[in-house]
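Okay, structure first, notes after.
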Amino acid sequence: VVTRDDVEESLKAVFQFVKDKEQVIQDLRSQIEETKKKIAEKQRERDYWLEYKNVGSKIHAERISTLEKDIADVKYELERTEEYYREALKVVREENQKLFDRHMKLLSEEALKNAVGYLDKNCRREIEENEWLKEEVKIYRKEERDLKASVQLLEEENASLVAKLIDIKLQHLRV
């Protein structure tokens, strides 16, 4: 015996089942729409990358090779310039040393001439007492220190000028 309540309950269960299935179908439709949107987006992205592969990558490859060549050229020029300035600095130092040596030789000759010029009895006595020579030696040493300091300053100035020239050359090469 089936009662009315059993039938109603059965109909409610069927109705709920149909309602749930409709909700599932609706959820599936919305998921399908989202999936279609994602597929369209991925399709556009794929088309973009295919176009890049066929056209854009060649342009970028050419740019990259050109830039690599420019970098190699700049490195080569930098090495050449660095070697040139290194040699120039070496020549300047050698020239400064020669000038210093020549000046020291002239000073010692001048001191010798001065010493010989004063050789009379009084000077001989002074030479024997070493006072005059001690003063000359002090003066000579002071001049030597001053000359060494000026040579050092000139070498530092030359080095800074060479560094500036290299920097300027690098800037021009970059431009």
Side-chain angles (χ1 to χ4, degrees), residues 34 37-175:
E34 282 183 34
K37 287 178 183 177
K38 287 180 182 178
I39 289 172
E41 182 180 324
K42 293 296 180 181
Q43 184 67 33
R44 285 192 301 273
E45 187 176 339
R46 184 184 70 94
D47 292 343
Y48 169 79
W49 287 112
L50 280 175
E51 183 179 337
Y52 176 78
K53 177 184 169 190
N54 295 331
V55 178
S57 64
K58 293 176 184 174
I59 293 170
H60 287 134
E62 289 173 6
R63 285 183 187 167
I64 288 170
S65 65
T66 303
L67 289 173
E68 286 174 344
K69 183 183 176 198
D70 289 348
I71 288 170
D73 291 345
V74 167
K75 282 182 180 178
Y76 176 73
E77 287 297 322
L78 174 64
E79 289 171 1
R80 284 185 54 213
T81 304
E82 185 179 3
E83 184 62 30
Y84 171 77
Y85 285 119
R86 188 177 297 123
E87 290 298 320
L89 180 62
K90 183 179 175 183
V91 168
V92 167
R93 281 186 177 162
E94 289 173 358
E95 185 65 29
N96 284 344
Q97 186 63 39
K98 286 178 185 176
L99 288 173
F100 178 75
D101 291 342
R102 189 179 313 139
H103 186 70
M104 294 306 292
K105 183 178 178 182
L106 289 174
L107 282 177
S108 65
E109 289 174 2
E110 186 67 31
L112 181 60
K113 286 179 185 178
N114 286 340
V116 171
Y118 290 109
L119 286 179
D120 58 355
K121 290 181 182 181
N122 293 333
C123 290
R124 287 182 188 157
R125 191 176 330 124
E126 285 182 22
I127 290 173
E128 290 171 1
E129 293 174 0
N130 287 327
E131 292 301 318
W132 178 75
L133 280 178
K134 288 179 183 177
E135 293 299 320
E136 286 294 320
V137 168
K138 286 180 186 177
I139 293 170
Y140 174 77
R141 287 186 180 155
K142 182 183 182 301
E143 287 179 357
E144 181 183 17
R145 281 192 306 271
D146 293 344
L147 286 172
K148 283 183 179 179
S150 66
V151 166
Q152 179 68 27
L153 288 174
L154 286 173
E155 285 181 355
E156 290 174 2
E157 183 180 350
N158 285 340
S160 69
L161 289 174
V162 167
K164 286 179 184 178
L165 285 173
I166 288 173
D167 289 341
I168 291 170
K169 182 74 173 182
L170 282 176
Q171 288 175 357
H172 287 301
L173 287 175
R174 287 183 187 143
V175 171

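Sequence positions, counted from 1, serve as the residue numbers for this chain. Keep in mind that the numbers below use all heavy atoms, side chains included, and drop hydrogens, waters and symmetry copies.
Note: I39 CD1 to R46 CZ = 12.0 Å, rounded to the nearest 0.5 Å. The structure places OH of Y140 at 9.5 Å from CG of L147, a figure rounded to the nearest 0.5 Å. Atom CD1 of residue I139 and atom CD of residue E143 lie 7.0 Å apart, to the nearest 0.5 angstrom. For the atom pair CD (E68) and CD1 (I71), the distance works out to 7.0 Å, reported to the nearest 0.5 Å. In this structure, the separation between CD on E77 and CZ on R80 is 5.0 Å, given to the nearest 0.5 Å. If you take CD on Q152 and CG on N96, they are separated by 10.5 Å, rounding to the nearest 0.5 Å.
Between E82 and R86 a salt bridge is recorded (basic side-chain N to carboxylate O distance below 4.0 Å). For the pair K69 and D73, the salt-bridge criterion is not met [side-chain N within less than 4.0 Å of a carboxylate O]. Between K148 and E144 there is a salt bridge, since a side-chain N of the basic residue sits under 4.0 Å from a carboxylate O of the acidic one.
Aromatic ring pairs are classed by plane angle as parallel below 30°, tilted from 30° to 60° and perpendicular above 60°; the pair W49 and Y52 is perpendicular.
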Inset, instruction - Apply the test side-chain contact (heavy atoms from CB on, under 4.5 Å) to residues E110 and L106: give CA-CA distance (whole Å), side-chain angles for both, the deciding distance (0.1 Å), then the verdict. - result: CA-CA 6 Å; E110 186 67 31; L106 289 174; over 6 Å; no
Inset, instruction - Would you please test L165 and K169 for side-chain contact (heavy atoms from CB on, under 4.5 Å) and show each step? - result: CA-CA 6 Å; L165 285 173; K169 182 74 173 182; over 6 Å; no
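Side-chain polar atoms of D101 and Q97 form a donor-acceptor pair below 3.5 angstrom.
With a 4.5 Å cut-off on side-chain heavy atoms, R44 and E41 count as touching. At a threshold of 4.5 Å between non-hydrogen side-chain atoms, the residues R102 and K105 do not count as touching. Using a 4.5 Å cut-off on side-chain heavy atoms (C-beta onward), E135 and K138 make contact.
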